[in-house]
Amino acid sequence: MAVLFISENKLKENSFINGNVDDKLIRATIIQVQDMQIHPIIGTGIYNQLKTQITGNTVTAANQTLLQDYIQPVIIWWVQADGTLPMTYKFMNKSVVKRNSENSNPADLDELFAIADNFKNKAEFYTKRLIKFLEANETTYPLFNNPGDDVDTLHPYREAYQ
C-alpha cells in the first residue's frame, strides 16, 4: 500500500479540485507526483524516512514542518498540473472518453494545456521554495546531503524549473 504525504481530502480542501472528484484519481496522481516530483527533489534518504515515519505514526516535529509547510503545497500544485488530463478523460473498454456533465461544457484541449501550465508554474515556485528550505536547514535534515549510496538511491535534484 502506498504511503501518501497528503490525504485526498486535504488536497481537495486546499486546491481547485472539486470535492466530488473520485479519490481513486487523486490518489493515483498523488502517488505519481510523490514518485516523479518529490522523491527526486528531497532524495531517497528523506523520502524513505518520511514514508517510515508516516507509516509508524512517528513523524518528528521537523518532518511535520517539512511535510505541511513545504512538501504538501508542492504536491497540491503538481497534482493539479499533472491531474488535468486524467481528470478530464476516462479510459473505457473501447475508447478514451471525455468526461461531461449536463450543466457544463468541458474545456477544449488547448484550454486544458493552458490550465495545466498555469498550475505547473505554481508547482515549480513551491518546489523551489522546498529546495531553498532544505538547503537552509541542512543540519536539521542531514539526509538531504547524504541520501544513501545504494544503486537505486536518488540524490536531491536542486533545480525546480523545467
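Heads up: numbering here begins at 1 and tracks the sequence.
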Backbone N/O of [Y] and side chain of [X]: donor-acceptor pair under 3.5 Å:
X: Tyr141; Y: Ala62; answer: yes
X: Thr84; Y: Gln80; answer: yes
X: Gln32; Y: Gly83; answer: no
X: Asp150; Y: Asp152; answer: no

Margin query: Does the plane of the ring in Phe119 sit parallel, tilted or perpendicular to the ring in Phe16? Use 30° and 60° as the thresholds.
Written below: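 The rings of Phe119 and Phe16 lie parallel, inter-plane angle below 30°.
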
Note to self: Strictly by salt bridge (charged side-chain N to carboxylate O under 4.0 Å, His left out), give each pair with a member in residues 10-20 just once, sequence neighbours left out.
What the structure shows: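 Qualifying pairs, neighbours excluded: Lys12-Asp23.
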
Could you measure the distance from the [atom1] atom of [X] to the [atom2] atom of [Y]? Nearest 0.5 Å is fine.
X: Trp77; Y: Lys120; atom1: CH2; atom2: NZ; answer: 15.5 Å
X: Lys132; Y: Arg158; atom1: NZ; atom2: CZ; answer: 10.0 Å
X: Phe133; Y: Thr65; atom1: CZ; atom2: OG1; answer: 6.5 Å
X: Asp82; Y: Thr29; atom1: CG; atom2: OG1; answer: 7.5 Å
X: Ile31; Y: Met36; atom1: CD1; atom2: CE; answer: 13.5 Å
X: Ile71; Y: Ile46; atom1: CD1; atom2: CD1; answer: 7.5 Å

Is [Y] close to [X] at the side-chain level, that is, under 4.5 Å between some pair of heavy atoms?
X: Thr52; Y: Gln49; result: no
X: Val21; Y: Asn18; result: yes
X: Trp78; Y: Gln34; result: no
X: Leu130; Y: Thr127; result: no
X: Val74; Y: Ile41; result: no
X: Leu66; Y: Leu134; result: yes
X: Ile6; Y: Val79; result: no
X: Gln72; Y: Asn14; result: no

What heavy-atom pair brings [X] and [Y] nearest, and what distance separates the two atoms?
X: Val59; Y: Gln53; answer: CA-OE1, 3.5 Å
X: Thr44; Y: Leu154; answer: OG1-N, 2.6 Å
X: His155; Y: Pro147; answer: ND1-CG, 3.2 Å
X: Ala2; Y: Arg27; answer: O-NH1, 4.1 Å

Check: Above 12 or not: heavy atoms from other molecules or residues under 6.0 Å from CG of Asn57?
Finding: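 Result for CG/Asn57: open.
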
Next item on the list: Give every residue pair that meets the ring-ring contact (aromatic ring centres under 6.0 Å, His included) criterion with at least one member in residues 43-62, sequence neighbours excluded.
Entry: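 Those involving residues 43-62 are Phe5-Tyr47, His39-Tyr47.
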
